[in-house]
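Pasting a structure here, questions to come.
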2 protein chains.
Amino acid sequence: LSEVEPAKHGPLAVIAGAGRLPSEIVAEMTERGDPVVVLPIAGLADGSFGAHQGEAISILDPAGAIAVLRRAGASGVVLAGTVHKPRLGLVLRGWQAVRHRDEIRSVVQGGDDNLLRGVVRFLEGNGFPVRGVGEVAPRLMAPAGQMGARPAPPQAMRDIARGFEALRALGPLDVGQAAVVCEGRILAIEAAEGTDAMLRRVAALRRSGPVGRLLRRGRPAVAERRGGVLVKAPKPGQDFRVDLPVIGPRTVALAAAAHLHGIAVEAGGVLVVERPRAAAEADRAGLFVVGETP
Amino acid sequence: LSEVEPAKHGPLAVIAGAGRLPSEIVAEMTERGDPVVVLPIAGLADGSFGAHQGEAISILDPAGAIAVLRRAGASGVVLAGTVHKPRLGLVLRGWQAVRHRDEIRSVVQGGDDNLLRGVVRFLEGNGFPVRGVGEVAPRLMAPAGQMGARPAPPQAMRDIARGFEALRALGPLDVGQAAVVCEGRILAIEAAEGTDAMLRRVAALRRSGPVGRLLRRGRPAVAERRGGVLVKAPKPGQDFRVDLPVIGPRTVALAAAAHLHGIAVEAGGVLVVERPRAAAEADRAGLFVVGETP
């Protein structure tokens, strides 16, 4: 490892997975005049980052990543972007061979934590403070109020309140980042499956026809009407550096496929990736997308 | 309608859908010496009920059902058995044609209630008290303690407690009859999809392989190990006459397919259909099934 210490005033390093988020962070930081460098994760990051692109890093080589961060003179790190399954599969092909190397063990092990928390510990233990996306690019977080052309109609307010209530009730149990509520009835609660899978489940429930809906104890009149709201919020005490609630264009498309009327997220607590595209998709599908201060 | 009033000391009428539950109720009541008559729902009820079989009723003819109950001299009613989709589809084929008849409207309409609550109101409004399965056949409810060969191991106790805790937190919101917990982490919470669908979801989560599990933020060591518990309990204030939490042999099979270690239900609060078969299936699959007093 290099003997160079992390720079106090160097650029923020964006360790970039897939998707548009790393570029969105760069755009917001650059507009503000803050120095930023993107370190694409080999095999995962999308596209290029022009003048802001730095050396690629490998998730199989934590020590190498620290060396790259030092050479970049990074003052800190933000983890951004998603890791698509097929591509992560390629990257992890050599995983079994290297998993007993000490530095990887120090990342993936350690009590009841998850992989990303291990990554954060590893980076911070090497002197690179890890910051949250909302901290370095606050304008990417959901604002209060409507994000598309439609406001939330008054009759959606009860469902929105009920959704936040359910998420709040579950928060102490470290579960429940999202729920779907229709006319006061909670149709789905997200646990380990993720928001997309939950929305697909609601779409399937509604595809099952009037007979299926009767059997699910839905009042027929309720079940036959379209409607309902996706409500999403961070869990209390959630570490935004490793686990940020996100919506984006795909969330809107899945909510539309589930025949929901709209999406309500906690203002300042949920990241909206590709907001212009998400808002346009919502307008096209007739959904509202709003930030609420619960 | 007949002018005959409901009998104070007549037999209890079991209005029977599909499955073994109506027969199980008859067996327990007969053993106790209590009079009982089964009124099979045409097109839905399974098998025959020997000396206890009464006239069939049609779910399209509520007034006719009241007449049958009066002719049977029923002192009360219990609704039992399931309504399988394909068969209910057959029965409901004529639904559109008759849905505006007053008596059917009085069953399916009425505020925020569900169909079965409408049925209960209709029966009670005609003088037939509706009783819960657990009230007329209490031995069908889960006892406290183990139901198969295996007790719950000490290390399952934390997951069991956490599951009951999650269900309790959601109870005031009228949702959350079941959850799956593995090593302290809540993997799934049931809302409108039903327990079977939730268990299939957990099985699918686990089929998705180590890469998928990493992405779902599972600690790899946890996700790779099999284990976890299905926890099921009634919601506070749940009306057992219309909505009784149930487990049975199929629940055990689905829990096994999801690689769970066992099932914990609230003692006295969950019906166990075909308990001997469910226990045998659990023993075969290596699962525990226990009743807990949370």
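Proteins get letters first, then strands, A, B, ... in listed order; numbering begins at 1 in each.
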Original post:
Side chains of I186(B) and D174(A): closer than 4.5 Å at any heavy-atom pair?
Top reply: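 They are not in contact (no side-chain heavy atoms under 4.5 Å apart), so the answer is no.
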**OP:** Report yes if some heavy atom in the side chain of I189(A) is under 4.5 Å from a heavy atom in the side chain of L170(B); otherwise report no.
**Re:**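 Sidechains of L170(B) and I189(A): in contact.
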Subject >> Nearest-0.5 Å distance that lies between atom CZ in R201(A) and atom CZ in R200(B) >> reply: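 Going from CZ on R201(A) over to CZ on R200(B), the span is 13.5 Å.
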Subject >> Residues forming a side-chain contact (heavy atoms from CB on, under 4.5 Å) with V273(A), sequence neighbours excluded >> reply: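 Partners of V273(A) under the side-chain contact (heavy atoms from CB on, under 4.5 Å) test: L21(A), E24(A), V246(A), P249(A), L271(A).
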Subject >> Atom pair CD/CG of E165(B) and L173(A) - distance to nearest 0.5 Å >> reply: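 Here the interatomic distance stands at 4.5 Å.
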